[in-house]
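Scroll down for the structure; my scribbles are underneath it.
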Amino acid sequence: MALRKNLFYALPICLFSVCSTFSQSDDKTTANPFLVPMNVPVDYAKVTAKDVDDYAKNTIAWTNEKIAAIKNEKTVTFDNVFGAMDDIKNKLGTTSNNCFMLYWVSTDAAIRDKGLAAYQQLNDLSTEIYSDKKIYNQLNTFKASAAYKALKDHKKQLVDDMIEGFQLSGVGLNEAQLVKYKALTKEINDLSSQYSTNMNSGGNVLILDDEGVLGLPEDFKNNYKLAERSYEIPIINATNETVMSTAVTENTRRSYFNMFYNRAADKNIAILDAMVKKRDELAKLMGYKTYAEYALVPKMAKTPANVWAFLNDLVSRSKDKAKADVAMLEKQKRTELSDPAAFLEPWDIAFYKNQIVKSQYNINNEELRDYFPMEQCLKGMMDIYQKLLGFEFRKVNNASVWHEEVELYEVFESGKLKGRFYLDLFPRENKETWFYGVNIVSGKGNEIPVSMLLGNFSRPTKTQPSLLTQKELKTLFHEFGHIMNMMSYHGEFSSQSESKADFTEAMSQIFENWISDYGIVSTFAKNYKTGATLPKETFDKLQQSKKVGSSLSAIQMLVRCLYDMNLYDKYNAASPVKTDDIWRNIDKQLGIMDFFPQGTHYQANWIHVNTHPVYMYGYLWSEVFALDMFTEFEKNGLKDTKTGVRYRELILANGTQKDILKAVEEFLGRPSDNKAYIKSLGL
């Protein structure tokens, strides 16, 4: 998942990204680690809370000067209005990204506090800018000129997109409405930050005895052993898959499931209620029927009707097979428990899938991890990406970073520096708990992009390295795909560095296909104890085993998509449905099983409905394009550099410079279709 907290085109969605284009500072003598010349890395190890605060103030002062200059232009041109606005977006974006990133990853509470406060200040400033009628009038003055009519390609697209961004940011409202718009935007951003803070600072643990840890891997148990016959399992993403797929005792799975999906529920349900209400108010203030209708305007899908039609079609295609999957898993449970009345619960799904995989395919996913140590997978993955995309990665020794485990790499092409990325891969206290490709600097013109892979992979222990599950391996390839997307941009304007939100995932989803090829996986899948390569027979059985419960997995994803759309397209201010009841209603309509039963509150610890509303459908929407584009690699070879570089230049480097459908068509040599996607569903 690429997190893009977009300050501009300021739907109060706050999706992480944004940019920078010139020197971050005009003062090369300052001691502030952030205020360095263009393409000089930030000295993160020396950053203090005061530095963060001063950095934001420096950017705000610079921005206010530039905004005043745009307003005072007597003769508007593309460069002195749109070019200048892009410079502002760029610098504001880089500052905002740095501040918010440190709020997520810093070990210093004061830095986290200042990072969040600075981000909120910058967000408020962006709201002011993009609802400023004087700037908007300057933009429209240029659009009415002969110079606009002479524009072509990406410059014309920039003008049209920037004006649309202003229109979506309240610039057309009257003064009273604009005051309300700004207040709602600030309130939503504040609520969103509170939600994230609560979600990332839970510290919940499950205490188990010997019976409770039955089935859990020995190394896993030893890592969380408190004393004889006592274990303390943290309720975090890094432990979820292991507990839910291997714990023999149902009460362990039930307890973990309930704790995992109740994180921050005591605070975040009320926050989400308020946030959904305010987003609905904002959409109606802007003249839209629902928040979903408002949020979809700049996306490929365009309207809620298109999203509903897309999702409902997938539901109709996969529902019957999902019911059959439930029956299969329930049969497995009844057989193992010798109880013909046993009922499949949501905390059973991963466990009984795993049991079937072990018994029918002779695949033990926990033992399989021995072939996938993190460092080995990381190196193997990087080798593949370098070969495919024509890049070279060089690790920076003794890099200045915010935590000792963080690594920095530089990206080169033909000896020329193209970008930098940081790797922050393991969980720690107060760190953001999800997985993201995080944009720090967009890279426009001569400026190089900078990004960070934020992970929460299984941490190494005293007795073994970090060992990846197949899900974690897929996540690694996916998130690093986002990093490559960011490294590839070299356009003229920062504002065009990001693709449409419902296409963004396609550019990294495509890379998940590489781990379904033995020729690729065998280059790095080697047992950390013996050095033996993963046997081809085992790999083939692993691929076959992925079909177990696949339709149920598809429905579980669709349930989340439907929830997101219900939350933001079906909201009734006069009689709002409780966010818990939305799960019940969806389960009832589908008639498959209760995925989130009474007493669980996934919506209280689910980042998407907070910072990424009206986004979940985009994973499936994007996958249609990802699988279609992958057919070119199937045809030409998964290590074919020529195809990889074409993909990099036409798709990854595009952003919104060229219409996405046209870019995909150019890459494929034909119009895009959904044949590969439908085939992948096995329906």
Side-chain angles (χ1 to χ4, degrees), residues 208 211-217 240-258 260-261 314-369 469-471 474 516 537-562 583-600 602 679-683:
L208 298 173
E211 181 181 356
V213 297
L214 285 175
L216 296 178
N240 182 275
E241 186 178 358
T242 298
V243 173
M244 297 309 294
S245 64
T246 65
V248 170
T249 306
E250 182 171 352
N251 191 51
T252 296
R253 301 194 304 272
R254 180 193 298 113
S255 298
Y256 188 100
F257 183 95
N258 287 335
F260 191 84
Y261 291 115
L314 292 178
V315 168
S316 67
R317 290 174 183 270
S318 53
K319 186 162 70 169
D320 289 344
K321 284 195 71 175
K323 288 180 179 178
D325 286 345
V326 170
M328 173 188 66
L329 296 174
E330 194 162 80
K331 180 181 178 181
Q332 183 73 20
K333 181 176 182 179
R334 290 173 176 177
T335 299
E336 292 196 16
L337 297 182
S338 300
D339 180 1
F343 185 71
L344 187 75
E345 299 286 359
W347 48 81
D348 294 326
I349 294 173
F351 179 75
Y352 287 107
K353 268 190 190 179
N354 194 37
Q355 293 295 92
I356 291 172
V357 166
K358 285 194 291 186
S359 62
Q360 294 187 12
Y361 296 92
N362 197 30
I363 292 291
N364 185 317
N365 280 302
E366 283 301 315
E367 292 178 1
L368 200 65
R369 292 172 67 172
T469 64
Q470 291 302 292
K471 181 179 178 181
K474 179 179 177 180
S516 295
E537 181 183 5
T538 302
F539 178 83
D540 290 342
K541 288 181 178 179
L542 173 64
Q543 299 312 302
Q544 295 167 16
S545 74
K546 290 179 180 179
K547 298 175 184 176
V548 175
S550 59
S551 291
L552 182 55
S553 297
I555 280 289
Q556 287 178 287
M557 179 61 176
L558 282 163
V559 165
R560 289 165 170 82
C561 297
L562 293 169
W583 295 118
R584 312 289 94 73
N585 294 341
I586 293 172
D587 288 342
K588 185 177 180 180
Q589 290 164 12
L590 292 177
I592 297 172
M593 67 178 294
D594 293 340
F595 290 103
F596 293 100
Q598 296 285 354
T600 57
Y602 180 35
K679 181 182 177 181
S680 76
L681 297 176
L683 301 174

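- Partners of Glu211 by side chain to side chain contact (heavy atoms under 4.5 Å, CB included), not counting sequence neighbours, listed by chain and number: Asp209, Leu214, Thr249.
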*asked:* Would Val357 and Leu542 count as a side-chain contact (heavy atoms from CB on, under 4.5 Å) here? Give the steps.
replied: CA-CA 8 Å; Val357 166; Leu542 173 64; over 6 Å; no
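- Side-chain atoms of Asp348 and Arg253, non-hydrogen and from C-beta on, do get closer than 4.5 Å to each other.
- At a threshold of 4.5 Å between non-hydrogen side-chain atoms, the residues Val213 and Thr252 do not count as touching.
- Shown here are the salt bridge (charged side-chain N to carboxylate O under 4.0 Å, His left out) partners of Lys474, two or more places apart in sequence or in another chain: Glu512.
- A donor-acceptor pair is defined here as one N or O able to donate and one able to accept, closer than 3.5 Å; no such pair exists between the side chain of Glu330 and the backbone of Phe343.
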*Run the side-chain contact (heavy atoms from CB on, under 4.5 Å) check on Ile555 and Leu314 step by step: do they pass?*
CA-CA 9 Å; Ile555 280 289; Leu314 292 178; over 6 Å; no
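- By the 4.5 Å heavy-atom criterion applied to side chains, Asn365 and Thr469 are not counted as neighbours.
- Between Val326 and Lys323 there is no side-chain heavy-atom pair separated by less than 4.5 Å.
- Taking Phe539 as the reference, Tyr518 meet the ring pair (Phe, Tyr, Trp, His ring centres under 6.0 Å) condition, with sequence neighbours excluded.
- Considering Phe257, Phe260, Phe351 as possible partners of Met244, the one that fulfils the side chain to side chain contact (heavy atoms under 4.5 Å, CB included) test is Phe257.
- Contact of the Ser245 side chain with the Lys353 side chain is not registered, since no non-hydrogen atoms from C-beta on lie closer than 4.5 Å.
- Sorted by first and then second residue, the pairs that involve residues 337-347 and meet side-chain hydrogen bond (donor to acceptor under 3.5 Å, both in side chains), not counting sequence neighbours, are Glu250-Trp347.
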*Apply side-chain contact (heavy atoms from CB on, under 4.5 Å) to the pair Ile592 and Lys319, showing each step before the final yes or no.*
CA-CA 8 Å; Ile592 297 172; Lys319 186 162 70 169; 3.8 Å; yes
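- Annotation for Tyr352 and Leu329: closest pair C-CD2, 3.7 Å, computed over non-hydrogen atoms.
- Residues passing the salt bridge (charged side-chain N to carboxylate O under 4.0 Å, His left out) test with Asp540, sequence neighbours excluded: Lys536.
- Atoms CG and CD1, from Asn354 and Ile363 in turn, are 10.5 Å apart once rounded to the nearest 0.5 Å.
- Residues Leu558 and Ser318 come closest through the heavy atom pair CD1-OG, 3.7 Å.
- Sorted by first and then second residue, the salt bridge (Lys or Arg N to Asp or Glu O under 4.0 Å) pairs involving residues 541-552 (not counting sequence neighbours) are Glu537-Lys541.
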*Which is it for Arg369 and Asn364 under the side-chain contact (heavy atoms from CB on, under 4.5 Å) test, yes or no, and what are the steps along the way?*
CA-CA 9 Å; Arg369 292 172 67 172; Asn364 185 317; over 6 Å; no
